[in-house]
Every structure is written in structure tokens, then in C-alpha cells.
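Here is the structure we will look at.
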Amino acid sequence: DAGITQSPRHKVTETGTPVTLRCHQTENHRYMYWYRQDPGHGLRLIHYSYGVKDTDKGEVSDGYSVSRSKTEDFLLTLESATSSQTSVYFCAISLTGGNTIYFGEGSWLTVV
Amino acid sequence: GIQVEQSPPDLILQEGANSTLRCNFSDSVNNLQWFHQNPWGQLINLFYIPSGTKQNGRLSATTVATERYSLLYISSSQTTDSGVYFCAVVSGNTPLVFGKGTRLSVIA
């Protein structure tokens, strides 16, 4: 299994509070991704990174920001959580943009 | 952007039966992967298959890139095959785009 750790794995938070999810990898892969999974939508890309301090938006980036200050860590921040951001969040990594992509175990976030 | 459509959306099988899942995509791709999401939510890589045919035990996959589709074959299905199967593609410089999945239930 690819060395990907997501934290926290489960979180309940209140509307309007900031939340940060962390993805840590031990594989030295260049690319890292954050997806969210919702019923009826499959997995949708939020943001991705193609190197340290190099990030780009995905399909559903509104309300989210990311940071990557070192190769192994990719942080996803919800500046002010809303109920529509209740979801399962998956981090993923790949060696290059066209290579096999590996997923972490997911983070379940509930915004009440 | 590229569109990915999977069929059927839901499938119920008796244990031991065979099945074929289909993935159609709207543009040329340079990466195609099949994933299995188990009932605990884990996403497991099955195949990296932008073209050609691969086999892994009871599972095999074929991608015909020129005709923009891929097929996942499951033979002699088992209850542990239950879950959701996703097809995902990379086209050009865009990161992986997922289909909505096929939910498979294998009944003993």
C-alpha cells in the first residue's frame, strides 16, 4: 500500500469554523490531490499540487484553499465551514500527472 | 472537459456469475484507471490501462482508446467483489476525472 496518511479521519465541526485536513505521504511523489466524494457525484477534484508551492484549482474549489510547503504534506483548509462541505475527503498521490494514482483512506467531515 | 460515463449504474449478481462493466469517455486519454471502493470506503487500484488488455486473477480489463471505451470483466464473482467500481481518466494535462461508478452487489 502507498504510504498515505490522512488526518483527522473523522471530524464534526460547526458551521463557520475553520477546518484543516492534512495529507502526509512517504513516497516522495510529486503530485498530490484532494477529492471529495458525495452521493450521486462520484469523486470530484478540489485542488491539486504538482510540486512544492505549486497548486491549481479543480472542479469544485470554491470555499477551499490548499498549501504545500514540503513534498510530503498537502493541507486542505475550509476557511469557514458550511453544511454543503459535509463530505468524505480523499487525498491522493501520483509520481507524475499521468501515472497510477493512489488514494488515502479518507476523512469523514460533518459540518453541523 | 472530458466526460466519463459508466454503465450500468447498479448491478446485482448471484455468486459465481460473470459481469462486464463499461466506461465510455468523450475525448482521447493518456491514462485510464479502474478502482474498487469497498464497503469500508477504501479506494483500491485495480488496473492502470490507457490501452490494451490486462488480467489480474478473476478480473480483467480492456481499453480501446480509438473507440473511447474501457471494459472491466469480473468472472466467477464473489461476495467480496461487492462495492462500487470507478473508472477514471486523464486527458491532456487535466488531473484524473472520475465516472459516477457502478455499484455491484454480489449475493450468496
Side-chain angles (χ1 to χ4, degrees), chain A residues 1-6 8-10 23 27 29-51 54-61 66 68 74 76 87-110, chain B residues 1-10 21-52 54 56 61 63 65 70 83-104:
Chain A
D1 289 340
I4 308 170
T5 304
Q6 293 186 226
R9 294 289 315 282
H10 299 271
C23 179
E27 306 296 322
H29 280 25
R30 180 181 171 195
Y31 282 72
M32 298 185 75
Y33 312 83
W34 278 108
Y35 285 86
R36 62 177 288 175
Q37 184 175 25
D38 305 288
H41 291 281
L43 284 98
R44 295 178 293 174
L45 183 67
I46 305 171
H47 282 280
Y48 69 102
S49 169
Y50 46 95
D54 292 323
T55 64
D56 206 348
K57 295 179 180 180
E59 178 187 356
V60 290
S61 60
V66 290
R68 191 168 178 201
F74 192 33
L76 177 70
S87 187
V88 183
Y89 292 85
F90 285 95
C91 173
I93 65 173
S94 64
L95 192 59
T96 71
N99 275 102
T100 303
I101 188 169
Y102 300 94
F103 280 85
E105 295 189 337
S107 294
W108 275 253
L109 177 67
T110 301
Chain B
I2 192 167
Q3 304 298 313
V4 182
E5 294 185 1
Q6 293 186 241
S7 60
D10 295 279
L21 282 57
R22 187 176 180 102
C23 172
N24 292 332
F25 41 94
S26 62
D27 204 344
S28 59
V29 298
N30 45 10
N31 176 358
L32 187 146
Q33 291 184 237
W34 284 96
F35 296 88
H36 175 220
Q37 188 169 38
N38 65 24
W40 295 271
Q42 269 187 305
L43 282 157
I44 300 162
N45 279 291
L46 296 177
F47 295 101
Y48 171 87
I49 187 166
S51 63
K54 290 186 177 180
N56 184 3
T63 297
S70 183
V84 183
Y85 289 81
F86 289 103
C87 167
V89 303
V90 172
S91 180
N93 292 324
T94 60
L96 213 61
V97 175
F98 281 77
K100 293 187 178 181
T102 293
R103 182 174 298 277
L104 175 65

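So you know, we letter chains A, B, ... as the sequences are listed, proteins then strands, and number each from 1. Note that these values count all heavy atoms, side chains included, but never hydrogens, waters or copies made by symmetry.
In this structure, no portion of A:Tyr31 lies under 4.5 Å from any heavy atom of chain B. For A:Glu59, no part lies near chain B; criterion is any non-hydrogen pair under 4.5 Å. B:Phe47 does not touch chain A: none of its heavy atoms, backbone or side chain, sits under 4.5 Å away.
Within 6.0 Å of the CZ atom in B:Arg103, the count of heavy atoms belonging to other residues, nucleotides or ligands does not exceed 12.
Side chains of A:Leu43 and B:Leu43 form a contact here, defined as non-hydrogen atoms less than 4.5 Å apart.
In this structure a side-chain-to-backbone donor-acceptor pair under 3.5 Å is present from B:Asn45 to A:Ile101.
Taking both residues in full, the closest heavy atoms of A:Tyr35 and B:Leu96 are given as OH-O, 2.7 Å, listed atom of the first, atom of the second, then distance. Of all the heavy atoms in B:Pro95 and A:Tyr33, the pair that sits closest is CB-CE2, 3.8 Å. Shown here for A:Trp108 and B:Trp40, the closest heavy-atom pair between the two residues is CH2-O, 4.0 Å.
We find the CG-OH distance between A:Asn99 and B:Tyr48 to be 5.5 Å, quoted to the nearest 0.5 Å.
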**Request:** Test A:Phe103 against B:Gln37 for side-chain contact (heavy atoms from CB on, under 4.5 Å), laying out the working first.
**Result:** CA-CA 11 Å; A:Phe103 280 85; B:Gln37 188 169 38; over 6 Å; no
